[in-house]
Protein chains: 2
Amino acid sequence: MSTRAKRDASLTDYARPSVAVDTAVLTVRDGALCVGLLTDERTRRRRLPGTFLHEGEVLADAVRRSLREKAGIRDVEPAQLHVFDAVDRDSRGWVLSVAHMAVVRANALGTLDALPVPDAVGLDFDHDAIVAFAVERVRADYADRADPSGLLDEPFTIRSLREVHEAVLGHRLQPDTFRRRVLPQLDEVGAVRRGGVGKPASLFARRPSTRSS
Amino acid sequence: MSTRAKRDASLTDYARPSVAVDTAVLTVRDGALCVGLLTDERTRRRRLPGTFLHEGEVLADAVRRSLREKAGIRDVEPAQLHVFDAVDRDSRGWVLSVAHMAVVRANALGTLDALPVPDAVGLDFDHDAIVAFAVERVRADYADRADPSGLLDEPFTIRSLREVHEAVLGHRLQPDTFRRRVLPQLDEVGAVRRGGVGKPASLFARRPSTRSS
DNA sequence: GCGGGTTTGCTCACTCTTGATCTAACTCGT
DNA sequence: ACGAGTTAGATCAAGAGTGAGCAAACCCGC
């Protein structure tokens, strides 16, 4: 086919893959980073929620639809991770999966089962790899910004903020170093927490510019 | 359609988009970060090289095929950037584009025209956005690692390494601060450059662990 | 051969960051 | 009411990083 003929060719002249979206929904529970999983009824294997892209739908809408329909999850801001394109990744045929991630509060996981990330192995398809991408991404997001995904109710204390960061990052943080790093990103609410043991802590909220875009 | 019926459904029960790949090929020339562009013969608008995905092909192979066929570029390691999925992004129909980037030496751009990144505006489709993604990515790659994409012949001097980094990052670097940061990633070759004005500089090669994976 | 100019790479003073320690402010049990 | 224990937040000493300036090592013109 000549260059001109190729350009004028109909889109249907080329075979097209099916396009799916799969989403690693992450949360923090019991001080640990967890991922939400479904169990396939037939194979009993665990996997991430996903769906095929419908005609005329953008990827983020497909993600939202799949999380709502498969898990009862609403109000998520998914982020693209990577396209998984192994030609044999799905036994039904040629399927590309655009992997996404979303971070939600533990009480917003709907019907997904929360598994600590180290336990989320042996998933169907290439979902282990998708989880790994998502974990790397959320850890990068939390490295320098104060709770970018809004896992904490506001206002919060520096200690509870640090504990969320330690859960996401998977390692301990030096309290005062952490405090000095996040203070510029926070507004002191002016009240002081009472009811716990020890010196009452100041309460903070995130400044608007640190909220996840 | 019941859940069981949906699972057993053929892939062709869902409409599928065309999937394209578009690639921002970046290089450094005359001390500036540049992107390689084609000019559309019909519309005269500039754009990135791209192609539709062929049946059974993985994305990286499609990228390589398109760069070879459209620009005579070989031996590239493309990296995925983002999927562009606006339903009206292409007048021919529903097309998703998986944007990629590749970094090559200036003499490997084939028939692409090299434009300094600030001049690469008003491109067709959403290619301006693709270039912006690619620039952000290459700048992140070059922030802490010594010439990860191998733009320099080896061995090289610290000064020429710094000049490449300044071209990619788009700002000046303090010579000695830069030197101390990269030295742990380099092996001194043991020779000294001669023929230039000034004290002869030592020659270096990158340690294998800093090469781009 | 020497002086001027340029470049490399080292030195040093200063600034910034870190983390342990200390003081302050609370709760709880006696 | 007070002491013990815990937590928050400030302080300070030590270490790390930065960048200007300097000495060394070249090339080039005279």
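Owing to the predicted nature of the structure, the values given are computational and were not obtained by experimental measurement.
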Write down the protein N/O and nucleotide N/O pairs, taken from nucleotides 3-6 of chain D, whose separation is under 3.5 Å; answer none if there are no such pairs.
residue	atom	partner	partner atom	Å
dT6(D)	O2	Gly198(A)	N	3.4

**Prompt:** What residues, two or more places apart in sequence or in another chain, satisfy ring pair (Phe, Tyr, Trp, His ring centres under 6.0 Å) together with Phe125(A)?
**Reply:** His127(A)

**Item:** Thr39(B) side-chain N/O to Arg44(B) backbone N/O, donor-acceptor pair under 3.5 Å
**Value:** no

**Asked** Should we count CD of Glu188(B) as having more than 12 external heavy atoms under 6.0 Å?
**Response** yes

**Prompt:** Side-chain N or O of Ser202(A) less than 4.0 angstrom from OP1 or OP2 on dA8(D)?
**Reply:** no

**Asked** Do the ring planes of Phe133(B) and Phe84(B) sit parallel (below 30°), tilted (30 to 60°) or perpendicular (above 60°)?
**Response** perpendicular

**Message:** If the condition is side chain to side chain donor-acceptor pair (under 3.5 Å), which residues does Thr177(B) pass it with, not counting sequence neighbours?
**Reply:** Gln174(B)

**Prompt:** Rounded to whole angstroms, how far apart are CZ on Arg159(B) and C1' on dC26(D)?
**Reply:** 14 Å

**Asked** chain A on DNA chain C: first and last contacting nucleotide, 5' to 3', under 4.0 Å to a heavy atom?
**Response** dT18(C) to dT27(C)

**Complete:** side chain to side chain contact (heavy atoms under 4.5 Å, CB included) test vs Pro155(B) passes for just one of Asp187(B), Leu186(B), Leu203(B), namely Leu203(B)

**Request:** If a pair satisfies ring pair (Phe, Tyr, Trp, His ring centres under 6.0 Å) and one of its residues is in residues 172-209 of chain B, list it, with sequence neighbours excluded.
**Result:** His165(B)-Phe178(B)

At a cut-off of 3.5 Å, list every protein nitrogen or oxygen paired with a nitrogen or oxygen from nucleotides 17-19 of chain D, distance to 0.1 Å.
residue	atom	partner	partner atom	Å
dG19(D)	OP2	Thr177(B)	OG1	3.1
dG19(D)	N7	Arg180(B)	NH2	3.0
dG19(D)	O6	Arg180(B)	NH1	3.1

**Donor-acceptor contact below 3.5 Å, side chain Glu55(A) vs main chain Trp94(B)** = no

**Item:** Nearest-Å distance for atom pair CZ/C1', residues Arg172(B) and dA20(D)
**Value:** 15 Å

**Request:** Among Asp124(B), Asp90(B), Asp40(B), find the one that has a salt bridge (charged side-chain N to carboxylate O under 4.0 Å, His left out) with Arg47(B).
**Result:** Asp40(B)

**Prompt:** Salt bridge between Asp176(B) and Arg180(B), side-chain N to carboxylate O under 4.0 Å?
**Reply:** yes

